[in-house]
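Below: one structure in structure tokens.
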Amino acid sequence: MSTSTQHQFRYTQTPSKVLHLRNLPWECTDDELVELCRPFGKIVNTKCNVGANRNQAFVEFADLNQAISMVSYYASSSEPAQVRGKTVYIQYSNRHEIVNNKSPGDVPGNVLLVTIEGVEAGDVSIDVIHLVFSAFGFVHKIATFEKTAGFQALIQYTDADTAAAARNALDGRSIPRYLLPEHVGACHLRISYSAHRDLNIKFQSNRSRDYTNPMLPVNHTAIDGALQPVVGPDGKKIEPESNVLLASIENMQYAVTVDVLHTVFSAFGTVQKIAIFEKNGQTQALIQYPDVTTAATAKEALEGHCIYDGGYCKLHLTYSRHTDLNVKAFSDKSRDYTVPQVPAVPWQNPQAGPMYPGPAPALQGQVPGGQMLSWDPAQQAATPSYVSAPGTYPSHTYAAPPTPAYPTAAASSPIAQSNPLVHNASSMGITQPGIPLNVNLQPGGASPSVPASSPLMQASPIAGASPPAHQPYFS
DNA sequence: AGCACA
């Protein structure tokens, strides 16, 4: 045990223009440090909330003599240095300058750098950004761009105080989903300060806006080409028609697979791509047709109907803003039927060669997984789907998969709905208890329910963010 | 109440 260091603090400190302050209140701010130290000289840098308890700080004077004067003053003063009534202990730091650990993004300014995590450019319109950030003051300009960090926006306010208010309220929060495209999941805002003071906006476009200069030329191609949500006078989103449908699946008591969806939606035309995803704990799917007309037909026919009888897996259909899905050609959540591709099916012998002996697109309902082999309802009902289907798998016999994902999916899928034989599927002995056997897609079946109330009724763009009361877009 | 890597 050594005693040689016992006096290091009190007696070995050599003067430094950097002072070390301790016993500060943990919430001490830079402003309070400046207030305390400024009488003794010019402060060129501060660092507060240091240490595990965030109750230490450093203050750097421009000149060594200023630091000395402060230490000397409080060494002989009857009144200790105080912050918020707490006695602050001051000594020379053992370093001679504050290493500016402040990342540039922490230096306050009137321009915010907003990184919108979890989205791609185009998912969040500049109007939505404007709406959200206008809650804290007049937004002068917005510029958006894509960097490796993701989709980012520069938001220019009048002053740093307004910018700080927006940052404090919105950093780490999420843009509410009703302002975002359907497929977007969690979307967090990461907000720091930009070093910019004044953005140079050349055009009003889908990527940039200057709200201080309405005369600025409009980049029509940029705006017209954008898939911006169109907002009507009542604030409700107008939903342009699209060849891609968004299906929200309510009351999903039973798993809905890509194959099931393909079967359901193929009844109206060629399904090009499907993507299934979760949003807010609800399963949704995007279904891509070659054209708007087909999508419109499917939407009209299927809206409000249930994939399975008994109100299960009720479809609510809207038009997606997408026109061409970018999905994995074959996964459990997505399918691209435009890509002829042999999927890697666990129980498929990799040496077995192509699954499809004939021209691939011949059979509707045929899917790479091979779970639905035919549109013949009778055959569907009579033959377990994963057993070799003569004529389709001419020379290859498949063993039963180790775990048939949805043994009755084929039999219970809508392709069989027109044939009462499907009810016999349960006799195949592979039916899981509770798996639905029939479907309810007939026109005049269960009537579509009224869509849920509009999310636009909500008051604030960011729940809990407590922006100022005025919300013109939501009145 | 005691020296800053995030």
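Residue numbers start from 1 in every chain, and the chains themselves are labelled A, B, ... in the order their sequence lines are given, proteins ahead of strands.
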| remark: When rounded to whole Å, the CG to P distance for the pair A/Leu24 and B/dA1 reads 12 Å
| Should A/Ser194 and A/His196 be marked as a side-chain hydrogen bond (donor to acceptor under 3.5 Å, both in side chains) after you check the CA-CA gap, both sets of side-chain angles, and the distance that decides it? | CA-CA 5 Å; A/Ser194 166; A/His196 288 95; 2.9 Å; yes
| Atom CG of A/Leu21 to atom P of B/dG2: distance rounded to whole Å? | 13 Å
| request: Kindly say whether A/Gly311 contributes a backbone atom to a donor-acceptor pair with the side chain of A/Asn251 at under 3.5 angstrom? | output: yes
| remark: Only residue of A/Asp123, A/Val124, A/Leu246 satisfying side-chain contact (heavy atoms from CB on, under 4.5 Å) with A/Pro181 is A/Asp123
| message | If you apply the rule side-chain hydrogen bond (donor to acceptor under 3.5 Å, both in side chains), what do you find for A/Gln56 with A/His20, and how did you get there? | response | CA-CA 7 Å; A/Gln56 302 174 48; A/His20 176 225; 2.7 Å; yes
| message | Counting only heavy atoms from other residues, nucleotides and ligands, does the tally under 6.0 Å from CD of A/Gln82 exceed 12? | response | yes
| task | Between A/Arg22 and A/Val18, name the one whose nearest nucleotide on DNA chain B is closer to the 5' end. | result | A/Arg22
| query | Distance-only, no hydrogens or angles: does the A/Asn55 side chain make a donor-acceptor pair with backbone N or O of A/Trp26 under 3.5 Å? | reply | no
| note | When rounded to whole Å, the CD to P distance for the pair A/Glu97 and B/dC3 reads 20 Å
| message | From CG of A/Leu19 over to P of B/dA1, roughly how many Å is that when rounded to an integer? | response | 20 Å
| Between residues 40-65 of chain A and DNA chain B, which residues have a heavy-atom gap below 4.0 Å? | A/Lys47, A/Val50, A/Gln56, A/Phe58
| query | Are OP1 or OP2 of B/dA4 and a side-chain N or O of A/Arg95 less than 4.0 angstrom apart? | reply | yes
| Nucleotide of B/dA1, B/dA6, B/dC3 approaching A/Asn23 most closely (side-chain heavy atoms) | B/dA1
| field | Length of the line joining A/Tyr89:OH and B/dA1:P, which is rounded to integer Å | value | 6 Å
